[in-house]
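Structure, as structure tokens:
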Amino acid sequence: MADMEKLYEAVLGGKLEPAVEVTREAIAEGADPKEIINGSMIPAMEEIGKRFQEGKAFVPQLLLSARAMKGALELLKPLLKGDASASVGKVVIGTVKGDLHDIGKNLVASMLEGCGFEVINIGIDVPAEKFVAAVQESGADILCMSALLTTTMTYMKTVIEALEAAGLRDKVKVMVGGAPINRHYAEQIGADGYSDNANSAVLKAKELLGVA
Amino acid sequence: MEDRQTTETQVAALALSELTLPESEIYLTLGYGGTEPQADVRKIIDDVLEEAALRCRPQIAYAFFDGTKTGPASVRIGGSDFQCGRIIGSYLDGAQRFVLFVTTAGAEYDAYLHGLKASGDIVTEYVADAVGSVIAEAAVTEVRRRVEERAAAEGLTVTNPYSPGYCGWHVREQRKLFSLLPEGVCGVTLNDSCLMSPVKSVSGMLAMGRTVVKKPYACDICGMTTCYKRRQRT
Ligand code: B12
């Protein structure tokens, strides 16, 4: 029998190889993929997230856990094909036009993915049209935008206006973040959510979709 | 007199070994406020530093200018008027000469970061990103060290580095700063939103004078209360 406690510990401890190994065993034994994800992996991600919020774990540990989770998920994905309920929600994420800052956005993307979201990362220097097209094509539940400077964050409003013009604003939640952004600014431009780190970004995304 | 650049721009390509990268700075930039990472993360840091030593080509450029404070929030350097904000302005009393500088971890390091992103290893990507930030800042420390050496010979003190985008000095004033340095200096370019490329780059100013003060880096003058660097440096 695959040791599911070991899978929980592997994801929590950010150990990729053991996480993949136990998952492979469990699959071979015919375990239900959704049970593997919801029973062991998601609780482990929730625990590392909780430790992070409490200041007992740090960003690299969050990412190690997300990496272990993602490695195991890769094995499970083919088994989940066509099962929409397997994903918590669909997210399009990018850094706004004029801005080349990648890492904050990638951290958020990685954590969302690690916590069961389907993430479409459309990169940096993204113009409004591309954000709108990506939301339209994917039918995303949430659009996430990131920016590094006060000069580039203003473009987030442009994107929100473009969503409105395309008739998509009421179909997609908008989350924003990045060093110069704060809650007040997010509200001012009409975003639905803001967070200042990758862990609370996941909590916020779940809250917005009512899956918290 | 006031409008003059007093020396040619000093440009240097450095080996990473010429910079000091304090471990504590790397840990802080990774989000460890005061604690040390566990062994597996330290191993990733060591691997990144090894890789950086091979690939990274940091560059620095700096030039000396005459200048004066023209108001509580403004300063004229090399004939250009900068609105540096009241906070930075208050540290410029008695400044008689100025240094404008650009530092960068270089295009090679940006390429390394892009490669890591493509590999999908988010942990190493994050560590390398933080190390790149520390390199760009260490290059500023090197500029300051060199400037201090010269200033000391003339009996002058040097302030902290101040950068457009901080403390009420608008990030767009980088345009003026760059216009006073040779075009394409250190291979750094500014885009329309005043973002520098390569990303791991810093632009800024140092002031020199007989009476100016060098503060321990002053978080209390920065408005960003949520910054992870804040606690330790106040
Ligand atoms: C490290 C750093 C640097 C490094 C590296 C920068 C880089 N882009 O890689 C160096 C030293 C090179 C640097 C340079 C500069 N910097 Co700087 N820098 C920082 C610092 C300290 C941390 C930024 C960082 O990399 N954090 C780590 C990453 C992982 O975090 P993050 O990107 O913020 O992302 C997290 C959250 O914001 C959030 N998030 C991000 N995106 C999203 C999206 C969504 C949807 C959600 C929900 C959440 C979310 O989750 C992420 C993960 O936890 C910040 C201050 C701060 N504490 O944030 C200033 C800061 C960004 N810098 C600033 C400035 C001004 C500059 C310079 C212009 C200074 C200069 N004149 O040289 C240059 C610009 C560089 C350039 N290329 O143009 C200002 C920007 C404000 C402004 N006026 O626009 C800041 C905010 C500092 C301040 N006190 O004001 N900088």
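All values derive from a computational prediction rather than experimental measurement. Order of the sequence lines fixes the chain letters, A, B, ..., with proteins taken first and strands second; residue numbering starts at 1 for each chain.
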> Looking only at heavy atoms, what is the nearest atom pair of B:Ser193 and A:Thr152, with distance?
Replying inline: CB-CG2, 3.4 Å

> Under a 4.5 Å heavy-atom cut-off, does chain B meet the side chain of A:Leu148, its backbone, both or neither?
Replying inline: side chain

> By a 4.5 Å heavy-atom criterion (distance strictly below it), what part of A:Leu100 contacts chain B: side chain, backbone, both, or neither?
Replying inline: both

> Are any non-hydrogen side-chain atoms of A:Ile124 and B:Lys117 less than 4.5 angstrom apart?
Replying inline: no

> Checking side-chain contact (heavy atoms from CB on, under 4.5 Å) for the pair A:Lys15/B:Asp40: CA distance, chi angles, key distance, verdict?
Replying inline: CA-CA 10 Å; A:Lys15 308 270 182 262; B:Asp40 52 351; 3.7 Å; yes

>> Can you confirm whether A:Asp99 sits close enough to B:Asn191 that some side-chain heavy atom of one is under 4.5 Å from a side-chain heavy atom of the other?
In response: no

>> If you compare all heavy atoms of B:Tyr32 against all heavy atoms of A:Pro60, which two are closest, and at what distance to 0.1 Å?
In response: OH-CG, 3.4 Å

>> A side-chain contact here means heavy atoms from C-beta on lying under 4.5 Å apart; do B:Leu195 and A:Thr151 qualify?
In response: no

>> Counting heavy-atom pairs under 4.5 Å with chain A, which one of B:Leu113, B:Asp121, B:Ile44 comes out on top?
In response: B:Asp121

> Given the rule in the side-chain contact (heavy atoms from CB on, under 4.5 Å) test, do A:Met111 and B:Ile122 qualify, once you have shown the distances and angles that lead to the verdict?
Replying inline: CA-CA 10 Å; A:Met111 283 303 290; B:Ile122 182 73; over 6 Å; no

>> Under a 4.5 Å cutoff for heavy-atom pairs, which residue among A:Leu63, A:Leu62, A:Asn197, A:Thr150 has the most contacts with chain B?
In response: A:Leu63

> Is A:Val59 close to B:Leu30 at the side-chain level, that is, under 4.5 Å between some pair of heavy atoms?
Replying inline: no

>> Do A:Phe58 and B:Thr35 have side chains that approach each other closer than 4.5 Å (heavy atoms only, starting at C-beta)?
In response: yes

